[in-house]
Protein chains: 2
Amino acid sequence: MLTHILLGFLSYGPKTGYELKSLMDHSTQHFWHAQHSQIYTTLHRLREQGFVWSEEPDAADPLNRRIYHLTDAGRDEFHRWLAQPQTNLEPIKHELLVRVFFSGARDRDEVLDELRLQRRLHQQQFDYYQNQGPEMWREKLPFSSEIFKELPFWLSTLEFGVAYEAMTLAWLDRQIARLEAQT
Amino acid sequence: MLTHILLGFLSYGPKTGYELKSLMDHSTQHFWHAQHSQIYTTLHRLREQGFVWSEEPDAADPLNRRIYHLTDAGRDEFHRWLAQPQTNLEPIKHELLVRVFFSGARDRDEVLDELRLQRRLHQQQFDYYQNQGPEMWREKLPFSSEIFKELPFWLSTLEFGVAYEAMTLAWLDRQIARLEAQT
DNA sequence: GAATTCATGTAAAGCGTTACATGATTCG
DNA sequence: CGAATCATGTAACGCTTTACATGAATTC
């Protein structure tokens, strides 16, 4: 998956590994994140596969930056991936639900504390999506001419984030209320 | 994670690998699933770690079933895990959102087809949660005396599933409407 | 007799996280 | 001058998926 995210960002223009990491942190973070270690190793693999190429770092650049470019094969691969629709329901992995599932054996107050903490965290995330999030995008993602067509889709993903957090908050409130009602 | 799910189910009583797989397929499936291969190898690992033990398959049993039991160490580990609350927001990995994010370069109709297909699939899932789901539980998870305390928590996870699908359907409808409005 | 379900495993590969490692630049 | 940011990598490990492999019992 990270493969195609990197190819996607590189389809907007050449970028360094560090820039790709920063872009992900400020855009795809809420539905796909990666450590820098994985980004660098994946870029190496993509280079071996012929999907990207990079100039040797400029000797005059003390930061030793390595700029990656998409090859034709890389662009083809990216479009091949996009053209192949997702035909299955996406399986969900949700650790908190696992914990809730097995919480019958726990102290009621212990479970309540955990749910209340999660509520706080999700409230923060909700606020972030509605306030700082969009503004951060305007500041940190400044290659505006390249992406005017994608902006509505980027906003769609943000809208999902808002809806997801609102849904989660409402669910947490119901579970907390149910537990509090028990004596 | 699978580790603690298996320990959790075994805390209700001894079970075979096959039974654990079947239990997961009918209960945790909507927030954590696993292939049988992973379940069997994880059980081997748990045995080496001393968290479970198993009788040698009964020579009289032609199906060669291997029944796993929780050890004291296994029970301790399960409770240690439960007592350690989740203090972070759970990172989300959502492939469909990655595809939407990069859909600016695609044909509008191609994107619409994909979203409509996802809408159908999520509608099915929503119906499943509301109808067959709970009934399936009553049939397939029959160790009722062991789990009367956990049932409310199991229903909580199902309630999350319903809320998640409703949220997703509403989001998909908005994205489909937005794209359809474009000419 | 064929198909489905019951039952258990191994091997290889891919994906992702965590930790280790280093060094320059910029800002306060 | 210290902290934060910029910048790139490797190694080990763990988790998960996919594919390969086998065979008995049950149901239609």
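Residue numbering restarts at 1 for every chain, and letters A, B, ... go by the order of the sequence lines. Note that the structure is a prediction, hence the values are computed from the model and not measured.
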S.K.: Expressed as a whole number of angstroms, how long is the span from A:E95:CD to C:dT17:C1'?
M.R.: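 Rounded to whole Å, this separation is 13 Å.
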
S.K.: In the hydrophobic cluster built from side-chain contacts under 4.5 Å, what are the other members alongside B:W53?
M.R.: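 Answer for B:W53: none, a lone residue.
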
S.K.: Between B:F153 and A:R178, is there a cation-pi geometry (under 6.0 Å to ring centre, at most 45° from the normal)?
M.R.: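 The answer is yes; both the distance and angle limits are met.
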
S.K.: Any chance the rings of B:Y129 and B:Y164 have centres within less than 6.0 Å?
M.R.: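 For B:Y129 and B:Y164, the ring centres are not under 6.0 Å apart.
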
S.K.: A:Y40 side chain N/O closer than 4.0 Å to the phosphate oxygens (OP1, OP2) of D:dT8?
M.R.: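 Looking at the OP1 and OP2 atoms of D:dT8, one of them is under 4.0 Å from a side-chain N or O of A:Y40.
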
S.K.: Would you mind reading off the distance between A:I39 atom CD1 and C:dT18 atom P, rounded to a whole angstrom?
M.R.: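 Interatomic distance, CD1 of A:I39 to P of C:dT18: 14 Å.
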
S.K.: Walk me through it: do A:L97 and B:W32 pass the test side-chain contact (heavy atoms from CB on, under 4.5 Å)?
M.R.: CA-CA 9 Å; A:L97 291 182; B:W32 209 283; over 6 Å; no

S.K.: Tell me whether B:F126 is reachable from B:L96 by hopping between hydrophobic residues (I, L, V, M, F, W, Y) whose side-chain heavy atoms are closer than 4.5 Å.
M.R.: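 Yes; B:F126 is reachable from B:L96 via cluster members.
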
S.K.: Which nucleotide, C:dG16, D:dA7, D:dG9, lies nearest any side-chain atom of A:R66?
M.R.: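 Of all the options, the side chain of A:R66 is nearest to D:dG9.
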
S.K.: Under the side chain to side chain donor-acceptor pair (under 3.5 Å) rule, what pairs show up with a residue in residues 68-80 of chain A, not counting sequence neighbours?
M.R.: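 Qualifying pairs, neighbours excluded: A:H4-A:E77, A:E55-A:H69, A:E77-A:R80.
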
S.K.: Roughly how many Å is it from NZ in A:K15 to C1' in D:dT8, rounded to a whole number?
M.R.: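 Computing the A:K15:NZ to D:dT8:C1' distance gives 18 Å.
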
S.K.: Between A:H122 and A:Q118, is any pair of side-chain heavy atoms under 4.5 Å apart?
M.R.: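 The answer is yes; the side chains approach within 4.5 Å.
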
S.K.: Do any side-chain nitrogens or oxygens of B:Y18 fall under 4.0 Å of OP1 or OP2 in C:dT8?
M.R.: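 The answer is no; no side-chain N or O of B:Y18 sits under 4.0 Å from OP1 or OP2.
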
S.K.: Would a 4.5 Å heavy-atom cut-off, applied to side chains only, mark B:F160 and A:M167 as touching?
M.R.: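 Counting from C-beta outward, B:F160 and A:M167 do come under 4.5 Å.
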
S.K.: To the nearest Å, give me how far apart CD1 (B:I67) and P (C:dT8) are.
M.R.: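 Taking CD1 of B:I67 and P of C:dT8, I get 9 Å after rounding.
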
S.K.: Can you tell me if A:R119 uses its side chain to pair, donor with acceptor, with the backbone of A:E114 under 3.5 Å?
M.R.: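 It does not hold such a pair.
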
S.K.: In whole angstrom, what separates A:Q29's CD from C:dG16's P?
M.R.: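 Result: 14 Å.
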
S.K.: Using atom CD of A:E55 as one end and atom P of D:dT8 as the other, report the distance to the nearest whole Å.
M.R.: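 Distance, rounded to whole Å: 12 Å.
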
S.K.: When the C1' atoms of the five terminal pairs at each end define the local axes, what inter-axis angle does the helix from C:dG1-D:dC28 to C:dG28-D:dC1 show, to 10 degrees?
M.R.: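 The helix from C:dG1-D:dC28 to C:dG28-D:dC1 shows an end-to-end axis angle of 40°.
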
S.K.: Within the 4.0 Å limit for protein heavy atoms, which parts of nucleotides 17-27 of chain D are touched? Write it as a string from 5' to 3', B for base, S for sugar-phosphate only, - for none.
M.R.: BBB----SS--

S.K.: Of all the choices, D:dT16, D:dT10, D:dT8, which nucleotide is nearest to the side chain of A:T41 once you look at every atom?
M.R.: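 For the A:T41 side chain, the nearest candidate turns out to be D:dT10.
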
S.K.: Quick one: list whatever passes ring-ring contact (aromatic ring centres under 6.0 Å, His included) with A:F31, sequence neighbours left out.
M.R.: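 For A:F31, the residues satisfying ring-ring contact (aromatic ring centres under 6.0 Å, His included) (neighbours in sequence not counted) are B:F101.
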
S.K.: In whole angstrom, give the distance that lies between atom CH2 of A:W32 and atom C1' of C:dT17.
M.R.: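 A:W32 atom CH2 is separated from C:dT17 atom C1' by 14 Å.
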
S.K.: Run the numbers on B:L20 and B:L10 for side-chain contact (heavy atoms from CB on, under 4.5 Å), then give the verdict.
M.R.: CA-CA 8 Å; B:L20 288 164; B:L10 289 176; 4.2 Å; yes

S.K.: Do any N or O atoms from the side chain of B:H30 and from the backbone of B:T157 form a donor-acceptor pair under 3.5 angstrom?
M.R.: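 A pair under 3.5 Å: yes.
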
S.K.: Atom CG of B:L6 to atom P of D:dT16: distance rounded to whole Å?
M.R.: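 About 10 Å, once rounded to whole Å.
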
S.K.: Which parts of residues 42-53 of chain B get close to DNA chain C, meaning a heavy atom less than 4.0 angstrom away?
M.R.: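 Within this stretch, B:H44 sit under 4.0 Å of the strand.
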
